[in-house]
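What follows is a single structure, written as structure tokens, with notes after it.
First listed ligand is number 1; within each ligand, the first listed atom is number 1. As a basis for the values below, the full set of heavy atoms in this structure was taken, side chains included, without hydrogen atoms, waters or symmetry mates.
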Amino acid sequence: MFFDRERELKELMNLITYEPNMIIFVYGPINSGKTTLMDEFIGRLSDKYVAFSINLRGRFIPTYEEFINVMFSIKKESMAEIISEIIKSGLAYRGIPVPESILRKLLKYEEDPFVFLEGYFNSLKEKGKIPILILDELQVIGDLKVDGPFIYSLFNFFIRLTKELHLAHVFVITSDSLFLEKIYGEAMLYGRADYFLVDDLDKTTTLKFLKELGLEDEEAEFVWSYFGGKPVYLIEAVKHRERLKEWCEKQLRIRTQMINSIIDMPGIADVLREFLSKESIPFDGKISEPVRELVRKNVLFVDPPNGVIRPQGRLELLAIRNALKRNTDLES
Ligand SMILES: Nc1ncnc2c1ncn2[C@@H]1O[C@H](COP(=O)(O)OP(=O)(O)OP(=O)(O)O)[C@@H](O)[C@H]1O
């Protein structure tokens, strides 16, 4: 069951009513519901649009060939038949459909994938369709090299699709703060990228969601006090309604133990101490090594566009405070 996100959906719908101009990075803390939101967005598109989504999550992409295999999906028909099917009935595709013969050429680089895709999207545009390209977890290809880092070629292509040709909307989804921070500081993307935050749900929405899932007011408040508006925990909490307190405490214990395991590393406790009285600290353009480690461990989330560093969620904030308390108790 999909819940709310009406404001985000409205903003996304509004964005695509204008001609494509910028690459949109959809980002947010882990498990905030980015992929779910984008799936819902695709589901609500009118037939003016055709969406191609590519999910790189969990994929190992050490080579150009592997990337091509993930980007494209095979259809038996010819290219002309594929375009005509998309025009007639297509709204959303997982992977970009191509005939097997073309895929073979792309794999051998006999056909340049970027030139090919430009032609593909042009054919759709000529027939009145606006293409939308959505890539989830693009950071996976960060290490891939094809005449230099491949990600730069890809960004150049996205800039061509958006700012230069106004041919396709491009959305890149990521919950990897370190990847986002790198992108944010990337000169080639200045004035060519925009950032769309998908945050955990706010309190009013969370309480409504939990009530819709069947919890009483008091239970909903209790769940909020542990997890804030992190959708995945809200759904799981309902499943553990019979032993709610025990289950919530267990989740907190797991996160606290994780933080305890790194709290003695240089600089970590000093960073964490900042969150004793605050829920966020300013991000001034630099990430220190301890903060980097805490981001890698999914304890902290860096939000460069809003200039803040904060815990990934309410559970992490509570776990940080618990771990520090335990540390102080041990010291005294
Ligand atoms: N609006 C929503 N309505 C109902 N359930 C939701 C909603 N958003 C997220 N969820 C639930 O939370 C889970 C996690 O969401 P999702 O995978 O979209 O998060 P994400 O931000 O893409 O995660 P990651 O940080 O791993 O990339 C979903 O599988 C779904 O069960």
closest protein heavy atom to atom 25 (O) of ligand 1 is Asn31 N, 2.8 Å
I'd like to check which ligand 1 atoms, numbered from 1 as shown, lie under 4.0 Å from a non-hydrogen atom of Phe3. 1 (N), 2 (C), 3 (N), 4 (C)
For Pro231, atoms of ligand 1 separated by under 4.0 Å from a heavy atom: 6 (C), 8 (N), 9 (C), 10 (N), 11 (C), 12 (O)
Return the residue, atom name and 0.1 Å-rounded distance of the protein heavy atom closest to atom 19 (O) of ligand 1. Gly33 N, 3.1 Å
Less than 4.0 angstrom from a charged side-chain N to a carboxylate O is my criterion; do Lys250 and Glu236 meet it? no
Please classify the Met1 to ligand 1 contact at 4.0 Å (heavy-atom distances, strictly less than): side chain, backbone, both or neither. backbone
Atoms of ligand 1, numbered as shown, that sit under 4.0 Å from any heavy atom of Val232: 12 (O), 13 (C)
Less than 4.0 Å between a side-chain N and a carboxylate O, is that true for Lys10 and Glu6? no
Quick one: does ligand 1 sit under 4.0 Å from the side chain of Ser175, the backbone, both or neither, non-hydrogen atoms only? side chain
Test your reading of the model: is there a side-chain donor-acceptor pair from Glu221 to the backbone of Glu218, 3.5 Å cut-off? no
Arg57, Lys34, Glu6, Glu40: member with heavy atom nearest to atom 27 (O) of ligand 1: Arg57
Using only atom types and a distance under 3.5 Å, with no angle test, would you say the side chain of Lys129 pairs donor to acceptor with the backbone of Asp47? yes
Give a yes/no on ligand 1: does Gly28 have at least one heavy atom closer than 4.0 angstrom to it? no
Please classify the Ile235 to ligand 1 contact at 4.0 Å (heavy-atom distances, strictly less than): side chain, backbone, both or neither. side chain
Side-chain ion pair, Arg310 and Glu279, N-O less than 4.0 Å: no
For residues Tyr233 and Tyr226, establish whether the separation of their ring centroids is below 6.0 Å. no
Of Val198, Ile30, Asp4, Thr36, the one whose closest heavy atom lies nearest atom 17 (O) of ligand 1 is Thr36
Salt-bridged, Lys208 to Glu212, with N to O below 4.0 Å? no
Short list, please: which atoms of ligand 1 are under 4.0 Å from a heavy atom of Glu137? 27 (O)
Please check if the side chain of Arg192 supplies one atom and the backbone of Met188 the other of a donor-acceptor pair under 3.5 Å. yes
Atoms of ligand 1 under 4.0 Å from any heavy atom of Phe209, numbered from 1 in the order shown, are 4 (C)
Check Arg296 with Glu289, please: is the shortest side-chain N to carboxylate O separation under 4.0 Å? yes
